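Each ligand, and each atom within it, is numbered from 1 in the order the structure gives. Just so it is clear, the values below take in all heavy atoms, side chains as well, and ignore hydrogens, waters and symmetry mates. Predicted, not measured: the structure shown is a model, and the values here were computed from it.
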Amino acid sequence: MILIDPKRIPRHVAIIMDGNGRWAKKRGLNRIKGHQKGADAVKEIVQTSNEIGVSWLTLYAFSEENWKRPKTEVKLLMNLLKKYLKRELKEMLDNGIRLQAIGRIEKLPAGTREILLDSIEKTASNNKMVLTLALSYGGKQEIVDAVKKIGKQIEKGEITSNDISEKTITRYLYDAGMPEPDLLIRTSGEYRISNFLLWQIAYTEIYITPILWPDFNRKEYLQAIEDYRKRERRFGGTLETDQYFDPGERMKKCI
Ligand code: IPE
Ligand code: IPE
Ligand code: MG
């Protein structure tokens, strides 16, 4: 059993859920079977996060670059998302989970988008945990979209280029109120970020595990949190000067 100090629970956990295809291949199954099993892992990790007191959980479910995959796989993934949202709405409502999405949501097929927006609306007043799904999401695209909005403000004469600061950029991210992740987990052993939350992870602790996403369960997750608990976060300072600050607090001050 792993004991976790509630004071050291990361406030915001972000996860790159990778390895569904390899999980299926290892078993001689179709990739979609891996995605189906991956959806069960999502359920377990959402439940565990809520239980241990994580306030923000952000899951990379579909990247902007994932549109490059074969049409059939994309279609199956979108259907799976629809099914997941339908199946989990009650669970989210019963457990105080507020759903939201970041990414170019307008690109999702109409059926999936409708259910997504409906679930977002129905869970809007929940306040125990925020579950953010990154869908058709790209970190570079998010920054481009933010810069465009800032450009518009300049065109309208509302600000000048001298007014642009970190706060300005943060204000125009897909979710300006989201605290920066404390812990970023990537499954399946790849040592890369794959265009996830580029701006927000500047000082995030990174945990990479070889476990494939469909096998990532409560036990593996608690191990990642236990590992995080031992990290020394310095944010560019030294331990002696006690530079630790809560990135969430900083974010609140920005908006
Ligand atoms: C992650 O698993 C799910 C998505 C990106 C949608 P993959 O489908 O990338 O699985 P691998 O990396 O091919 O094993
Ligand atoms: C990252 O996984 C995106 C998601 C988990 C949704 P990918 O499988 O798309 O990443 P790469 O291609 O291995 O970098
Ligand atoms: Mg992958």
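- Using a 4.0 Å cutoff on heavy atoms, Lys68 does not count as a contact of ligand 2.
- Looking only at distances, a side-chain donor or acceptor of Thr187 sits under 3.5 Å from a matching main-chain atom of Asp18.
- Interface of Arg186 with ligand 2, defined as ligand atoms under 4.0 Å from a residue heavy atom, comprises 2 (O), 10 (O), 11 (P), 13 (O), 14 (O).
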Only pairs under 3.5 Å count here: list side-chain donor-acceptor contacts from residues 34-43, not counting sequence neighbours, and write none if there are none.
unit_1	atom_1	unit_2	atom_2	d
His35	ND1	Asn20	ND2	3.0
His35	NE2	Glu73	OE2	2.9
Lys43	NZ	Glu88	OE1	3.2
Lys43	NZ	Glu88	OE2	3.2

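- Test Asp118, Ile120, Ile115 against Leu85 for side chain to side chain contact (heavy atoms under 4.5 Å, CB included) and you get one pass: Ile115.
- In this structure, CD on Glu142 lies 9.5 Å from CG on Asn195, to the nearest 0.5 angstrom.
- Here Arg231 pairs with Glu205 in a salt bridge; the nearest charged N to carboxylate O distance falls below 4.0 Å.
- Counting only distance, with no hydrogens or angles, the side chain of Asn217 and the backbone of Lys219 share a donor-acceptor pair below 3.5 Å.
- Using modelled atom types, no side-chain atom of Asp227 and backbone atom of Ala224 make a donor-acceptor pair closer than 3.5 Å.
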Identify all pairs of nitrogen or oxygen atoms, one from ligand 1 and one from the protein, separated by less than 3.5 Å, and list them with distances.
unit_1	atom_1	unit_2	atom_2	d
ligand 1	2 (O)	Gly19	N	3.4
ligand 1	2 (O)	Asn20	N	3.2
ligand 1	8 (O)	Arg31	NH2	2.8
ligand 1	8 (O)	Arg69	NH1	2.7
ligand 1	9 (O)	Asp18	OD1	2.9
ligand 1	9 (O)	Arg69	NH2	2.8
ligand 1	10 (O)	Asn20	N	3.1
ligand 1	10 (O)	Gly21	N	2.9
ligand 1	12 (O)	Asp18	OD1	2.8
ligand 1	12 (O)	Arg22	NH2	2.7
ligand 1	13 (O)	Arg31	NH1	3.1
ligand 1	13 (O)	Arg31	NH2	3.1
ligand 1	14 (O)	Gly21	N	3.3
ligand 1	14 (O)	Arg22	N	2.7
ligand 1	14 (O)	Arg22	NE	2.8

Could you pull out every donor-acceptor pair under 3.5 Å between side chains of residues 100-110 and any protein atom, sequence neighbours left out?
unit_1	atom_1	unit_2	atom_2	d
Gln100	NE2	Thr132	OG1	2.9
Gln100	NE2	Asp175	OD2	2.7
Arg104	NE	Asp145	OD2	3.2
Arg104	NH2	Asp145	OD1	2.9
Lys107	NZ	Glu64	OE2	2.6

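- Listed by atom number, the atoms of ligand 2 under 4.0 Å from Arg192 heavy atoms are 11 (P), 13 (O), 14 (O).
- Listed by chain and number, the protein atoms of type N/O/S under 2.8 Å from the Mg ion (ligand 3) are Asp18 OD1; waters are omitted.
- The residues Glu226 and Arg229 are annotated as salt-bridged, a charged nitrogen and a carboxylate oxygen being separated by less than 4.0 angstrom.
- Met178 approaches Gln200 most closely through the heavy-atom pair CE-NE2, 4.4 Å.
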Step-by-step side chain to side chain contact (heavy atoms under 4.5 Å, CB included) determination, Phe196 to Thr58: CA-CA 10 Å; Phe196 191 39; Thr58 302; 4.0 Å; yes
